[in-house]
Q: 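Let me give you the structure first, and then I'll get to my questions.
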Amino acid sequence: QVQLVESGGGLVQPGGSLRLSCAASGFTLDGYAIGWFRQAPGKGREGVLCISSSDSNTYYVDSVKGRFTVSRDNAKNTVYLQMNSLKPEDTAVYYCVALYYTHRYCWGLLDKMADFGSWGQGTQVTVSS
């Protein structure tokens, strides 16, 4: 059974950091591009970044660029999201999504990931003082 499990969410003060993990089971992440999405209360789903399956090329939306860093460890079948300088507007449920895609770059793939990817159950991130 294909499954993605996010962890590492929690409550953090503005300016703080969190590291989220996305662990895959039932399949290997080799060949899969991974995206991170978030959904804030009362708002729509937003794709914020992705990492390609090959060369680990990345893409970030402007609102998180320079603050968030995605990485992957295929040996551990896990993708990580390091979030620094967190802001209250980063408060949301964060989801990882996997889509089999072996092209070098994941830029432009977020919409396709949202519609056709495999989703985790999400982890809550709350940024508040």
Side-chain angles (χ1 to χ4, degrees):
Q1 181 179 0
V2 172
Q3 191 174 15
L4 294 170
V5 178
E6 301 94 336
S7 61
L11 173 64
V12 64
Q13 292 187 341
S17 298
L18 281 174
R19 189 176 84 153
L20 306 184
S21 297
C22 170
S25 62
F27 72 108
T28 176
L29 285 179
D30 288 345
Y32 281 81
I34 304 296
W36 282 91
F37 290 71
R38 64 186 180 185
Q39 187 162 20
K43 294 189 177 181
R45 185 178 58 194
E46 176 190 21
V48 294
L49 58 89
C50 62
I51 184 167
S52 69
S53 61
S54 61
D55 297 333
S56 290
N57 283 286
T58 57
Y59 166 77
Y60 300 88
V61 297
D62 287 345
S63 59
V64 306
K65 198 174 295 183
R67 301 188 298 121
F68 289 12
T69 303
V70 63
S71 61
R72 63 191 298 157
D73 186 340
N74 284 355
K76 295 183 177 179
N77 228 24
T78 301
V79 174
Y80 303 98
L81 175 56
Q82 178 68 43
M83 305 187 295
N84 299 328
S85 302
L86 283 162
K87 305 175 181 180
E89 52 263 42
D90 294 318
T91 295
V93 178
Y94 283 73
Y95 302 88
C96 63
V97 182
L99 182 71
Y100 190 79
Y101 188 79
T102 58
H103 289 217
R104 184 174 182 183
Y105 299 103
C106 65
W107 178 84
L109 192 61
L110 287 173
D111 287 345
K112 191 173 182 179
M113 281 184 168
D115 292 338
F116 300 107
S118 297
W119 288 71
Q121 86 290 347
T123 185
Q124 176 70 48
V125 171
T126 302
V127 185
S128 175
S129 55

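This chain uses plain numbering: 1 for the first residue, then up along the sequence.
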Q: If you look only at distance, which donor and acceptor atoms sit under 3.5 Å apart when one is on a side chain in residues 112-120 and the other is two or more places apart or in another chain?
A:
unit_1: Trp119; atom_1: NE1; unit_2: Ala114; atom_2: O; d: 3.4

Q: Could I get the full list of salt bridge (Lys or Arg N to Asp or Glu O under 4.0 Å) partners for Arg38, not counting sequence neighbours?
A: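 By the salt bridge (Lys or Arg N to Asp or Glu O under 4.0 Å) rule, Arg38 matches Glu46, Asp90.
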
Q: According to ring-ring contact (aromatic ring centres under 6.0 Å, His included), who are the partners of Tyr105, at least two apart in sequence or on a separate chain?
A: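 Here no residue qualifies.
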
Q: Please, which pairs that meet ring pair (Phe, Tyr, Trp, His ring centres under 6.0 Å) have at least one residue in residues 2-24, sequence neighbours excluded?
A: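 Checked against ring pair (Phe, Tyr, Trp, His ring centres under 6.0 Å) - neighbours excluded - no pair reaches residues 2-24.
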
Q: Once salt bridge (Lys or Arg N to Asp or Glu O under 4.0 Å) is applied, do any residues pair with Arg45, and if so which ones, sequence neighbours excluded?
A: none

Q: Can you list everything that forms a side chain to side chain donor-acceptor pair (under 3.5 Å) with Gln39? Sequence neighbours excluded, please.
A: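 For Gln39, no residue satisfies side chain to side chain donor-acceptor pair (under 3.5 Å) once neighbours in sequence are set aside.
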
Q: Could you pull out all residues at least two apart from Tyr101 that satisfy ring-ring contact (aromatic ring centres under 6.0 Å, His included)?
A: His103

Q: Quick one: list whatever passes salt bridge (Lys or Arg N to Asp or Glu O under 4.0 Å) with Lys65, sequence neighbours left out.
A: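 Listed in chain order: Asp62.
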
Q: Show me, pair by pair, the donor-acceptor contacts under 3.5 angstrom made by side chains of residues 18-31, not counting sequence neighbours?
A:
unit_1: Thr28; atom_1: OG1; unit_2: Asp30; atom_2: N; d: 3.4
unit_1: Asp30; atom_1: OD1; unit_2: Asn74; atom_2: ND2; d: 3.0

Q: Could you pull out every donor-acceptor pair under 3.5 Å between side chains of residues 122-129 and any protein atom, sequence neighbours left out?
A:
unit_1: Thr123; atom_1: OG1; unit_2: Gly9; atom_2: N; d: 3.2
unit_1: Gln124; atom_1: NE2; unit_2: Ala92; atom_2: O; d: 3.4
unit_1: Gln124; atom_1: NE2; unit_2: Thr126; atom_2: OG1; d: 3.3

Q: Using the test side chain to side chain donor-acceptor pair (under 3.5 Å), find all partners of Asn84 that sit at least two apart in sequence or belong to another chain.
A: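 Here the qualifying residues are Ser17, Gln82.
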
Q: Test of understanding: with side-chain contact (heavy atoms from CB on, under 4.5 Å), list the residues that count as partners of Ser71, not counting sequence neighbours.
A: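 If we apply the side-chain contact (heavy atoms from CB on, under 4.5 Å) test to Ser71, skipping adjacent residues, the hits are Tyr80.
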
